[in-house]
Amino acid sequence: MDAHHALHLALGIFGNATALFLFLAPPLNTFKRIVESKSTEQFSGIPYVMTFLDCLLSAWYGLPFVSEHNILVSTINGTGAGIEIIYVLIFIFYAGNEEKTRILELFTFVLSVFGFVVFGSLFALNGHGRKLFCGLAATIFSIIMYGSHLSNMRMVIKTKSVEFMPFVLSLFVFLSGTSWFVFGLLGKDPFVAVVLVQVPNGFACALGTIQLILYTIYRNRGEPPQPSTTADVEQGEAPALEKPSKSPN
């Protein structure tokens, strides 16, 4: 194995590791809180459903009969799909009736999109046409998935606090996007290099950079949270109940 192939493989493995961290670390705290409180509170289940779809489409694209030499794309996204479906099912279980209905409708839509891509690529397309169709579908939903982080950035600017955008999450968005971006540059598949990898992961690299800049700007500006503030509710702590004062007779 020459140095070029060794570097390409190393970046793919590193990209898998950073992507796995993104699938596991940030949501675990969120879902631990949901299970403990037996409520989804104000959390949105949409990012998890859309990430599930993105993983399914990317894993499908990486399979040998769709595209060659992209098994690392399939392994991490297949793993991600398995993790995300657990998050989605937990969210649906604990969600209120209105939110549950909305997420179930979106989940049905996601499965319909994936089914359409799978059956369309298997029975209506072959060769380069199959690769192009599946790759474009995966690219579109990868960009949508990464775009969900924009809401966190908006919250940081609005509150002038990085409470809702952890540094580690921002760092690994940057590392994952950068490693897959370079992986695409070094790869043999020009479609993977330009469309499936470089476009969405170039976007992720830029997004992670902006998040790190925002973290640097706002990291010392947040006020320490008080026990009865909305911030504590967001962190899973119930506000202290005030004892009613006796009214003077």
Side-chain angles (χ1 to χ4, degrees), residues 19-60 76-118 137-138 140-159 161-166 168-170 172-173 176 200 204 207 211 225-241:
L20 183 62
F21 180 89
L22 284 175
F23 290 136
L24 286 173
L28 279 180
N29 291 330
T30 298
F31 281 91
K32 179 182 176 183
R33 174 179 157 185
I34 287 174
V35 171
E36 288 176 348
S37 65
K38 295 181 171 56
S39 170
T40 58
E41 303 175 36
Q42 300 301 313
F43 289 111
S44 172
I46 294 175
Y48 304 104
V49 181
M50 298 311 297
T51 302
F52 174 62
L53 176 57
D54 170 62
C55 289
L56 287 176
L57 292 173
S58 296
W60 179 256
I76 186 56
N77 284 286
T79 303
I83 294 170
E84 294 298 327
I85 189 61
I86 295 173
Y87 294 151
V88 171
L89 293 176
I90 292 173
F91 193 94
I92 291 172
F93 183 79
Y94 287 108
N97 291 335
E98 184 177 344
E99 182 70 7
K100 183 176 296 186
T101 300
R102 185 171 64 160
I103 296 303
L104 282 172
E105 289 175 350
L106 181 60
F107 187 61
T108 302
F109 167 76
V110 159
L111 293 179
S112 300
V113 170
F114 182 62
F116 174 77
V117 172
V118 168
I140 290 169
F141 285 99
S142 288
I143 293 173
I144 291 174
M145 181 193 71
Y146 282 121
S148 66
H149 292 278
L150 294 173
S151 61
N152 290 338
M153 294 164 60
R154 179 166 114 20
M155 180 67 73
V156 169
I157 295 171
K158 182 178 179 181
T159 63
S161 169
V162 295
E163 181 181 359
F164 303 104
M165 190 180 71
V168 176
L169 173 60
S170 301
F172 275 83
V173 168
S176 178
L207 187 66
Q211 286 181 332
Q226 299 301 319
S228 60
T229 62
T230 303
D232 284 326
V233 176
E234 288 293 323
Q235 291 299 314
E237 299 175 12
L241 297 176

Would you compute the distance between atom CZ of Phe114 and atom SG of Cys55 and round it to the nearest 0.5 angstrom? 11.0 Å
Output field: ring centroids Phe52/Phe107 closer than 6.0 Å: yes
In sequence, state the C-alpha distance, the side-chain angles, and the governing distance for Val49 and Tyr87, and then conclude on side-chain contact (heavy atoms from CB on, under 4.5 Å). CA-CA 9 Å; Val49 181; Tyr87 294 151; over 6 Å; no
Looking only at non-hydrogen atoms, find the nearest pair between Phe93 and Lys100 and report the distance. O-NZ, 3.8 Å
Atom pair CG (Leu57) and CD1 (Ile140), whose distance is rounded to the nearest 0.5 Å: 9.5 Å
Salt bridge or not for Glu105 and Arg102, using N-O below 4.0 Å? no
Heavy-atom pair with the smallest gap, counting every atom of Thr40 and Gly96: OG1-N, 4.4 Å
Does the side chain of Phe141 reach to within under 4.5 Å of the side chain of Val113, using non-hydrogen atoms? yes
side-chain contact (heavy atoms from CB on, under 4.5 Å) for Met50 and Leu106? Distances and angles first, verdict last. CA-CA 9 Å; Met50 298 311 297; Leu106 181 60; 4.1 Å; yes
Enter the distance from Ile92:CD1 to Ile85:CD1 here, rounded to the nearest 0.5 Å. 7.0 Å
Once you round to the nearest 0.5 Å, how far does OG1 of Thr51 lie from CZ of Phe23? 7.5 Å
What's the shortest heavy-atom distance between Ile76 and Leu20, and which atoms? CD1-N, 3.8 Å
Calculate, to the nearest 0.5 Å, the distance between atoms CD1 and CD1 belonging to Ile103 and Ile46 respectively. 5.5 Å
What is the distance from atom CG of Leu104 to atom CD of Glu99, rounded to the nearest 0.5 Å? 10.0 Å
Parallel, tilted or perpendicular, judged at 30° and 60°: which one describes the rings of Phe91 and Tyr48? tilted
